[in-house]
Amino acid sequence: MDAVAAVERFRELRGQSGRIAVGELERVYDALEPVECESILGRWKGGDFDTGHPVTQQLAATGWYGKTFHSVEEVDPLICRGADGELFSDLETMGGGASLWMVAYRGKVSATMVYDRRPVLDHFRRIDDDTLMGVMNGKGVLHDGHPYYFYLQRVDAGA
């Protein structure tokens with residue numbers, strides 16, 4: 001699969017209801033192009049793919065909205081929507097903030113969010129200027145040997 005076909009398949013999978021095979025997401029992710037850290041600064045709204053991964057329910061319980069990349073050194077990894085409807089950075093759940101690094105994962109060096117106090121990495125690949133596909137990987141994240149697959153849609157480049 002080339003990058004163009006991967007972007008098209010990503011869009012199909014994003015709109016699909018029901019369970020998605022992890023292998024299908026791996027093929028799409030592996031074909032996507034890397035992204036530079038500086039190009040993803042801003043606020044992003046998140047969503048995920050139904051693979052049966054328990055992180056889906058864990059994030060739903062927090063009111064997960066997305067992520068904010070203020071700079072490469074300052075990231076709010078868990079933006080949530082409170083009961084009052086307001087967005088807030090939930091640093092407690094994730095044990096602090098995060099930063100962006102260029103890291104090799106599945107054969108490509110791309111922007112990766114490194115959590116400050118957890119052995120967890122979110123690896124990103126480019127769909128377009130305003131859409132990313134992500135893979136959360138690390139200790140305690142794998143479910144049946146697989147990471148958590150998600151996506152981000154840019155809301156504000158100046159957050």
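- In plain terms, the two heavy atoms of I79 and T68 that are nearest each other are CG1-OG1, 3.5 Å.
- Taking every heavy atom of both residues into account, M133 and Y29 meet most closely at O-CE1, 3.9 Å.
- Only one option out of R106, R125, M1 pairs with L32 in a side-chain contact (heavy atoms from CB on, under 4.5 Å); it is R125.
- The side-chain heavy atoms of P77 and L91, taken from C-beta on, include a pair separated by under 4.5 Å.
- Listed for the T51 side chain is no donor-acceptor partner under 3.5 Å among the backbone atoms of V22.
- A side-chain donor-acceptor contact under 3.5 Å links D128 to the backbone of D130.
- Between Q16 and R11, the side chains place no donor N or O within less than 3.5 Å of an acceptor N or O (distance only, hydrogens not considered).
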Checklist entry - Between F10 and F49, does a ring pair (Phe, Tyr, Trp, His ring centres under 6.0 Å) hold up when you go through it step by step? => result CA-CA 10 Å; F10 167 88; F49 299 95; 5.8 Å; yes

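- Between V7 and T131 there is no side-chain heavy-atom pair separated by less than 4.5 Å.
- At least one donor-acceptor pair closer than 3.5 Å links the side chain of D90 to the backbone N or O of T93.
- Across L13 and I20, no two heavy atoms sit closer than the pair O-CD1, 3.6 Å.
- Inter-residue side-chain proximity for V75 and H70 is flagged as unmet; no heavy-atom pair is nearer than 4.5 Å.
- Ion pairing between a basic and an acidic side chain is recognised when a charged N comes within 4.0 Å of a carboxylate O; D76 and R43 show no such pairing.
- Side-chain atoms of R154 come within 3.5 Å of backbone N or O of D129 as a donor-acceptor pair.
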Quick one: side chains of residues 98-105, donor-acceptor pairs under 3.5 Å with protein atoms, not counting sequence neighbours, listed by atom name and distance.
unit_1: S99; atom_1: OG; unit_2: W101; atom_2: NE1; d: 2.8

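- In this view, R9 and E12, E24 satisfy the side-chain hydrogen bond (donor to acceptor under 3.5 Å, both in side chains) rule, not counting sequence neighbours.
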Only distances under 3.5 Å count here; give the side-chain donor-acceptor pairs of residues 135-152 to other protein atoms, sequence neighbours excluded, each with its distance to 0.1 Å.
unit_1: Y148; atom_1: OH; unit_2: D48; atom_2: OD2; d: 2.8

